[in-house]
Amino acid sequence: MPVTQKDLMIKPKDALLKGHFACAGCGSALAFRHAIGSVADKAVLVVPASCASVYQGSGKGVAFNVPTINTAFAASDAVASGISRALKKKGKDDLKVIVWGGDGSAADIGIATEIGACDRQENILHVMYSNNVYGNTGGQRSGDTMIGARTATTPKGNTTPRKMVPFIMMANNARYVATASAAFLEDFVEKFQKALSFEGFKFIQIDISCPPNWRAESAHSIKISRLGVQTGIWPLFEWDRETNTAILSRPGKKYGDKANRKPISDWTSLQGRFRGITDEELIALEKDTERQWNFLRKFM
Amino acid sequence: MPVTQKDLMIKPKDALLKGHFACAGCGSALAFRHAIGSVADKAVLVVPASCASVYQGSGKGVAFNVPTINTAFAASDAVASGISRALKKKGKDDLKVIVWGGDGSAADIGIATEIGACDRQENILHVMYSNNVYGNTGGQRSGDTMIGARTATTPKGNTTPRKMVPFIMMANNARYVATASAAFLEDFVEKFQKALSFEGFKFIQIDISCPPNWRAESAHSIKISRLGVQTGIWPLFEWDRETNTAILSRPGKKYGDKANRKPISDWTSLQGRFRGITDEELIALEKDTERQWNFLRKFM
Amino acid sequence: MVVKQETKSMTGNDAVSYAALFAKPDVIAAYPITPQTTIVENLSRFVDEGKLDAEFIIVESEHSALAACMGAAWSGVRTFTATSSQGLLYMAENVFWTGYGRLPIIMPVVNRCLAPGWNIWPDFQDSMAFRDAGWIQMYTKNNQEVFDTTLQAFKITESKDIALPSMPCLDGFVISHTTGQVDLPDPEDAFEFVGPYDDPVIELDVENPWAYGSMTGPDQYSKHRRDLMVAMERAKKKIVDVHKEFEERFGRSYGNGLVEPYGDDEADLTLVTLGTIGDEAHEAIDRLKAEGHNVNALRVRTFRPFPVEDIVEFAKKNHKLVVIDRAASFGHDGPLRIEVEAVLKRHNVDTSVSGKIMGLGGEDVPYSAIIDLVKKELKE
Amino acid sequence: MVVKQETKSMTGNDAVSYAALFAKPDVIAAYPITPQTTIVENLSRFVDEGKLDAEFIIVESEHSALAACMGAAWSGVRTFTATSSQGLLYMAENVFWTGYGRLPIIMPVVNRCLAPGWNIWPDFQDSMAFRDAGWIQMYTKNNQEVFDTTLQAFKITESKDIALPSMPCLDGFVISHTTGQVDLPDPEDAFEFVGPYDDPVIELDVENPWAYGSMTGPDQYSKHRRDLMVAMERAKKKIVDVHKEFEERFGRSYGNGLVEPYGDDEADLTLVTLGTIGDEAHEAIDRLKAEGHNVNALRVRTFRPFPVEDIVEFAKKNHKLVVIDRAASFGHDGPLRIEVEAVLKRHNVDTSVSGKIMGLGGEDVPYSAIIDLVKKELKE
Amino acid sequence: MTEGPSLPILYPMEGVAGKTGEWRTFYPVLNPDLCIKCNICWKYCPDHAIYRADREKDEPISFDYDYCKGCGICAQECPKGAITMVPQGE
Amino acid sequence: MTEGPSLPILYPMEGVAGKTGEWRTFYPVLNPDLCIKCNICWKYCPDHAIYRADREKDEPISFDYDYCKGCGICAQECPKGAITMVPQGE
Amino acid sequence: MIEIIQISRGGSGGVTGAKILAEAAMYEGLDAQAIPKYGSERRGAAVEAYVRFNNAPIRIHSPVYDPNHAMILDISLLDRIDISKVDQDGVIVINSKEVPEELKGTGRKVAYVDATGISQELGLVLSGFTLVNMTMLGAFVKGTELISFENLEKAIRNYWGELAPKNVEAAKRAYEETKVVRV
Amino acid sequence: MIEIIQISRGGSGGVTGAKILAEAAMYEGLDAQAIPKYGSERRGAAVEAYVRFNNAPIRIHSPVYDPNHAMILDISLLDRIDISKVDQDGVIVINSKEVPEELKGTGRKVAYVDATGISQELGLVLSGFTLVNMTMLGAFVKGTELISFENLEKAIRNYWGELAPKNVEAAKRAYEETKVVRV
Ligand SMILES: Cc1ncc(C[n+]2csc(CCOP(=O)(O)OP(=O)(O)O)c2C)c(N)n1
Ligand SMILES: Cc1ncc(C[n+]2csc(CCOP(=O)(O)OP(=O)(O)O)c2C)c(N)n1
Ligand code: SF4
Ligand code: SF4
Ligand code: SF4
Ligand code: SF4
Ligand code: SF4
Ligand code: SF4
Ligand SMILES: [Mg+2]
Ligand SMILES: [Mg+2]
């Protein structure tokens, strides 16, 4: 059942308390607020090293209003597995064990742990919020950084293609895989709820804007995310093991057709991290984006 | 150009010297002999903890007649990256850096390292020989263990689906991905040579029989591998990033059609590890096999 | 009154497995590595056969093995794992996390040396590398002791006033794969000794949420570490108490649980040891005494917390300590020797100390080698 | 004759980066972690801007960072990486592998405490956990020293008669992120000092294949370890020599390179320290002396190999050592204190030793706290 | 229940980062006449700093200036341009 | 060149596991009359223990019994049934 | 030894300012140190930094507890600093059009300038944040007279390279417009 | 203390045999130990194992260097054992139809039996390997008289459970057919 903006307002309690440590305009905090908020009476969070370990707060208290376990960078999905099994043993499997982490853990250092949990079909949901960069440590390239992005470790522009974790999870036989965008929160929360309705390992990657690391106006946070979808940079889809079929999601459907897309430069031009991007880089970025669509199309 | 049995005989030097430590009938040693033998004057080997670290020998000398670096279990692809870069820096990039390891490193503990190297498009070839089990430590379940297999850690039969590393590498944008079988050595060596002709990260998984851990007659080693292909358990294919298309390989082509396949029980019945497999397990195994084919078909 | 027990023949790893079985952990996660493997295999068999009602998580690495146990520990259930050597190193980050985070996890370490070259034989280089990590470490001398110690470990570790993970250590192969006799209590008696884990050190709760391990400033941080230091101090007494309770119930003891003296109170030379070398030293001492030499021994059973007072007391009564280390802190000396020297210095004990590093990478340390060492030291 | 140098204002991490730049490594692989991050960023900038002709590998974890360097080291080229805290733990297996495998890698560790809770501030718990790992460890007191030490490390580590990896240590933030002055030589002079890496410790060769790190029995294994122990002993002299050569060329020194004494030869109380606390202690001592107290200090610059003889010599001339540790071996005491006590005991030095663990998790250790400690100790 | 160890645990509270309204350089101002009470601004505020509009009661949105960080998303996303960002102190 | 450290290095040699022919319980015996010199057995021997047949010279295959582990693959795979596995000692 | 505490808002360049000030002191022939206080600083959140100058090597690594001078880059942060800890003879350098009410009657030496105004006029604005760091350095050297403007300028030029002119200009204008008063 | 060395080929069950022997000794009221010598053992390769019995707790953990008795499960391995190290009064228990040539004239006590034959007759064959381990235990207790057949049987039954009968039978037959001679 589609989630409407109205449904977003119905939630058990605020999961993210006011006055948290996220930067102004943080898309990750926004996504957290709605998704975790929608299951805040049943959620158990596992958070690897990331901005989420910072924006939850420190010292005095935390802004996360649900049980939260902070883990080592590569440990989350295994910790979540242990929690899920322990809850099962205790007959508390109505609780939802959710990993909330960045692209660094999901795409890089923690991917073996994640694939392992997926392989075992652990009953957890991994939400990878991606700012395409190691945000917490100041913006170094991650496996999810796209071609052309200037990061602290690729000052002249990243040259390697984007690691598409959702595809890896599809190949790895996850129960459910979806992508989402902070600009389309209803769609995200719908997928989030749907994922939680399945037994097994579920994975959602949400594209969120990160004003400081993208060197963007915080006010453009949502606009950039929306353009990410509209330019085709970020395909919105769901894939289900049972059907082995990828379905484009309503807000992103028309961008499956290249003709409907806005030029990628609409998206890059709002972000300082793409300042100075060359034409060749832009072409390479477009090519890599097309590569992703081509992979996806195989499942459509 | 297809490799014939005759081509197998043309090789610079013996890569695997006689009197090595592999068990009688080991498919991994056999595959090594031909593949590495075909580039033995240019190969640099990186070997993670596995049977290959044992069958090379110990104490007095080694049976591997090429430079070999034994690494920690999860370290191979990163070590290979370092070697490849150093060779590049020294202008020796004609050498072929090859990771030769088992399913344990490739599918489990080392998969993040491997995906990382693939993401960076390091110029290396990873050959994962799979006996579907942690052979060296006595036969515990690995991520590549199939449903129904009795292993030391799944004495009543493994229940989780097989982790298909080749699919993960396709999803991860490797330069070239292929599967092979010890029963079809010409096909394997052809793919091996082809892989080495590409720049970037290449991946081949070869199905090899492991008599002790499969509780099988050593004499049946090749027969079982062949049946693996003929029953459809092990699809033989190549996938290339440029085409994003999977092509079934000649020796396995007809088994793409289920009608041509032998019953899976022909294959299981030769292996003690499947002794006592129930009908339900067999059905689940068939279903998981079909799942793999379905994934693959998306790319055909 | 000592309960009924049956003598069984089994390997050290079997003994560990039985202790775990009897303690009824709720969640087990482990990853195979020689020579720990058979523990994992035994436990998966127990679970598969329905002998043990536990969740068994077949993880993809040791980092995840311990992480999964940590997840279970945070959920307030009893957890168990085991590892060795490279596996212990591969989980290093979580080993420290568990210790500093006070998670009550029991993890026997089957001691094996560290690569390269690959070598599956025993020394203590692996567990010694974690002597700062906030874990209780007990080194055992034989199959019986490793069973007893693992059982005791649950009780010590899970006490809320201790809340320190435990690492019972057993020499790879020498204990793990060697068949010997173990007096096995009835599972019920063993479980009664351990007790249920019903007052968890920590337990997540959706009704009363908290966040664990968020960013911490120096103040809070050092408060936690001071508490850890103090808990280690308290653990000494706890180990002694649990050991005594164990003795009352099962009739076996190892010195006071911290150190095990052997031979006369006073001697010309005292061997200070860890692990099976301690057992072998007893053999050496008996033979040396038969030859008229006046020697005794002190086996350090508990290495963390380090039994400073017991070592000092024993040393005071003696004249010369000879420490045998089965590990080296490269660029200095054997860790046991260094720490023994330190405590004697600290407490102004005159007794001299010398030492030798033996048995690295599985080099055999027969009693004859110990006898030779003693004779050489007696001459000096 | 001392070469021309220019004083520049930079952070400690910048200083490390310049030392690496000047040594011209061929392969660099690193993974970001606060507070090491800016080193990685500087180096990727140098490479991207063409200032440094190196392969820079942006790995996906620290385990792989060191692994990639190991691969490069096996290929016979100069390699460099850096890490900190959790990152160091995450690469633990390879840290031991590198040390025991004698791979000449330079890896500054920007000291930061260990989780949980998350805390990015300095203590030495991270590098101390690797004191058995076969690495040379040198702790530095300021930006200048970390530059100098990193440069020296290449020369020491890559000597074929040493072949031990080096871990220059710098207090996180306190050095790494603090701007201070560094006298920077010309790149050519610096490179001339280090020299090219043209007689590699090891280099793979398709013409003459060998296998590295295959299965090894106890005999061969312990032979390698004994050689490692001996190389550590030799490294002491090497460190002194390279330090002297450095002094001749660049005009700077830190004691003899192993320990740096401060103040009079003899005093009522000697502070023994590591890292920036050593610098702060000098400040404290001057103030205490101004108040009429007779105190001096010994900063242990090289912790591995442990400068036994130098400490013993200095201690002999003094009456009371007070060791300040910025790490704890939980269940015993501070590692520096333990080792100092041990060597005094070993060498029958009467000088008394006491100690205090301070500054965990970034707790500030101002000179005033050191003064308080000294005054308290002087009363006792 | 015995007393437990000193654990690195924190409890939920509002304002862990203080009154984050202080971080602002611009602050959002509503023109209630333009507001159609669609609550889109509410939806997109990462800081929970907007009180929902209520169409039934004809109440427009309002801001929680204690915590609004002034990111400007609400102004950017408001379909009616009902929110303006004003420099702090003006 | 200075002398280097003691490194865990081994060099290639034949027979690292000794004469592995000792491991056999059965040994392969060729019936040369049946052999068509296709070398399939040679190809599949994991132990390199078969000397290739040479069709030109009309030489059939032969075995290197020093290293043949007696796995029986050659006998199993020979298309002509030209190889028989015989219990060791018979 | 001169010890300075600086407080600013994340995003306004305070940490860079402290660094440049240390470099300027170096040109003055002093040993100098700049210590940023890291934490979970965010754009807009308060950030402290410390600077020390000395004519002998500095061996102190602690934060500054008892500063000689204070620099306040944002007037709203005035109450975040315990002015009573600042040396009675020190200068309080503040970004303000006038002497802040809170300081009046304290007997303090105050150097104030409308750094925000100057920076904005010069277009020193990044993502909504006015970069007052260089501007305030001008005010600082004027107020304290510890460092010559030339050396400050040298440090600014060295750091900013091509972007130097605007930044030097900002410092220069502040240097000229800063009013130093005992209040 | 009685110390035994056993040599066998990987795949023939030697390690299990040593374990069961130790258990049998336990039933005899002795403290007993069985030490397999692990390495890169492979099916068919030589594998050593050691067994100790004692009437006091065994505190020795080393391999057996100077055995009282030797057990050779495969006659081709006879030359792998240094017979001179075996106690002169000990028994050499060997799987052989007759006294091996090499032992003749050594003055040794030899217990020999065609264990391979017995095992094969009973179908104790696994993947081409004849399992002579239980059979040889029968020969051992007969030859050395250290352990009663009853206790051996108990240990075999305990280990093999449902599969016990054949294995007991093998040991029994060997017990009966073993010839003990001084050669
Ligand atoms: C083993 C280890 N290595 C490195 C770090 C340092 N570290 C902490 S968070 C982080 C980056 C996180 O990036 P991402 O997962 O994308 O989350 P984000 O910060 O962008 O939200 C890094 C490198 C660490 N904590 N542990
Ligand atoms: C960190 C670490 N964990 C565990 C081990 C033990 N170990 C060595 S090889 C191996 C299994 C290897 O399995 P696989 O990769 O499938 O190779 P195979 O032995 O089957 O050839 C294991 C678990 C190790 N060496 N290092
Ligand atoms: S750095 Fe980016 S992802 Fe992290 S809190 Fe700030 S805006 Fe959010
Ligand atoms: S265990 Fe299997 S894979 Fe390993 S050497 Fe033996 S046959 Fe080969
Ligand atoms: S988005 Fe605009 S119109 Fe809609 S509720 Fe907010 S202020 Fe009103
Ligand atoms: S400016 Fe940003 S933080 Fe403030 S109310 Fe608008 S969206 Fe929320
Ligand atoms: S496979 Fe058979 S026919 Fe072919 S060469 Fe070998 S023995 Fe001859
Ligand atoms: S039996 Fe096996 S090892 Fe021997 S020759 Fe035939 S294939 Fe080779
Ligand atoms: Mg990120
Ligand atoms: Mg395998």
Side-chain angles (χ1 to χ4, degrees), chain A residues 12-13 15 21 39-47 49 53-90 92 94-97 109-110 112-120 122 124, chain C residues 24-29 31 53-79 81 90-98 100-101 103 105 197 200 202-221:
Chain A
K13 63 174 179 177
F21 261 110
V39 283
D41 55 346
K42 291 205 284 280
V44 175
L45 284 194
V46 181
V47 177
S53 34
V54 175
Y55 66 65
Q56 68 186 246
S58 68
K60 295 177 282 190
V62 278
F64 289 1
N65 199 9
V66 290
T68 303
I69 304 280
N70 290 286
T71 76
F73 205 8
S76 306
D77 294 82
V79 167
S81 302
I83 295 174
S84 163
R85 299 290 194 101
L87 293 175
K88 186 173 164 204
K89 184 82 204 306
K90 292 163 89 174
K92 292 198 185 171
D94 58 317
L95 301 187
K96 307 294 181 192
V97 183
I109 198 170
T113 318
E114 203 177 332
I115 288 179
C118 179
D119 180 44
R120 294 188 303 270
E122 300 287 356
I124 60 184
Chain C
K24 301 187 195 163
D26 297 291
V27 175
I28 300 169
Y31 194 71
D53 177 21
E55 289 289 320
F56 190 92
I57 314 183
I58 305 182
V59 287
E60 80 298 337
S61 77
E62 287 87 358
H63 191 79
S64 290
L66 189 50
C69 289
M70 293 162 76
W74 274 309
S75 312
V77 304
R78 180 166 288 165
T79 63
T81 182
Y90 195 71
M91 55 164 73
E93 192 179 6
N94 286 331
V95 176
F96 275 85
W97 200 290
T98 300
Y100 292 2
L103 296 176
I105 293 173
Y197 181 50
I202 185 165
E203 183 174 14
L204 56 82
D205 179 2
V206 282
E207 308 290 320
N208 298 295
W210 40 251
Y212 184 102
S214 316
M215 298 285 294
T216 328
D219 286 8
Q220 276 300 312
Y221 184 92

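Sequence lines set the chain letters: A, B, ... in the order given, protein chains first and strands last, and positions in each chain run from 1. As a basis for the values below, the full set of heavy atoms in this structure was taken, side chains included, without hydrogen atoms, waters or symmetry mates.
- Summarising the geometry of A:Gly57 relative to C:Ser214, their closest heavy-atom pair is O-CB, 3.9 Å, with the distance given to 0.1 Å.
- The backbone N or O of C:Ser75 sits less than 3.5 Å from a side-chain atom of A:Lys90, completing a donor-acceptor pair.
- When heavy atoms are compared at a cutoff of 4.5 Å, A:Val62 approaches chain C solely by way of its side chain, counted from C-beta outward.
- Chain A forms the most heavy-atom pairs under 4.5 Å with one residue out of C:Glu93, C:Met70, C:Glu207, and that residue is C:Glu93.
- Nearest heavy atom pair, residue C:Gly71 against residue A:Ile83, reads O-CG1, 3.3 Å.
- Side chains of C:Pro209 and A:Asn65 form a contact here, defined as non-hydrogen atoms less than 4.5 Å apart.
- The shortest non-hydrogen separation linking C:Ile57 to A:Gly82 is CD1-CA, 4.0 Å.
- Within the 4.5 Å cutoff, no side-chain heavy atoms of A:Thr68 are placed close to those of C:Trp210.
- Interface residue A:Lys88: only side-chain heavy atoms are found under 4.5 Å from chain C.
- When all heavy atoms of C:Ser64 and A:Thr113 are compared, the pair lying nearest together is OG-CG2, 3.3 Å.
- For residues 76-86 of chain A, the side chain to side chain donor-acceptor pair (under 3.5 Å) pairs, not counting sequence neighbours, are A:Thr71-A:Ser76, A:Asp77-A:His126, A:Ser81-A:Arg120, A:Arg85-A:Glu122, A:Arg85-C:Glu55.
- Only the backbone of A:Ala43 comes within contact range of chain C, judged by heavy atoms closer than 4.5 Å.
- A:Leu95 CG to C:Leu204 CG: the interatomic distance, rounded to the nearest 0.5 Å, is 8.0 Å.
- Contact of C:Val27 with chain A is made through the side chain alone, with heavy-atom distances under 4.5 Å.
- In this structure, no portion of C:Asn208 lies under 4.5 Å from any heavy atom of chain A.
- Interatomic distance, A:Asn70 CG to C:Tyr212 OH, rounded to the nearest 0.5 Å: 10.0 Å.
- With respect to chain C, the highest number of heavy-atom pairs below 4.5 Å among A:Ala74, A:Ala117, A:Pro67 belongs to A:Pro67.
- We find the CZ-NE2 distance between A:Phe73 and C:His63 to be 10.5 Å, quoted to the nearest 0.5 Å.
- When heavy atoms are compared at a cutoff of 4.5 Å, C:Phe96 does not approach chain A at all.
- If you tally non-hydrogen atom pairs under 4.5 Å between each of A:Ala112, A:Ala80, A:Ala40 and chain C, the highest count goes to A:Ala112.
- Taking every heavy atom of both residues into account, C:Asp26 and A:Lys89 meet most closely at OD1-NZ, 2.7 Å.
- There is no contact between A:Lys96 and chain C, counting heavy-atom distances below 4.5 Å.
- Contact record, C:Val206 with A:Asp41: CB-O, 3.7 Å, taken as the closest heavy-atom pair.
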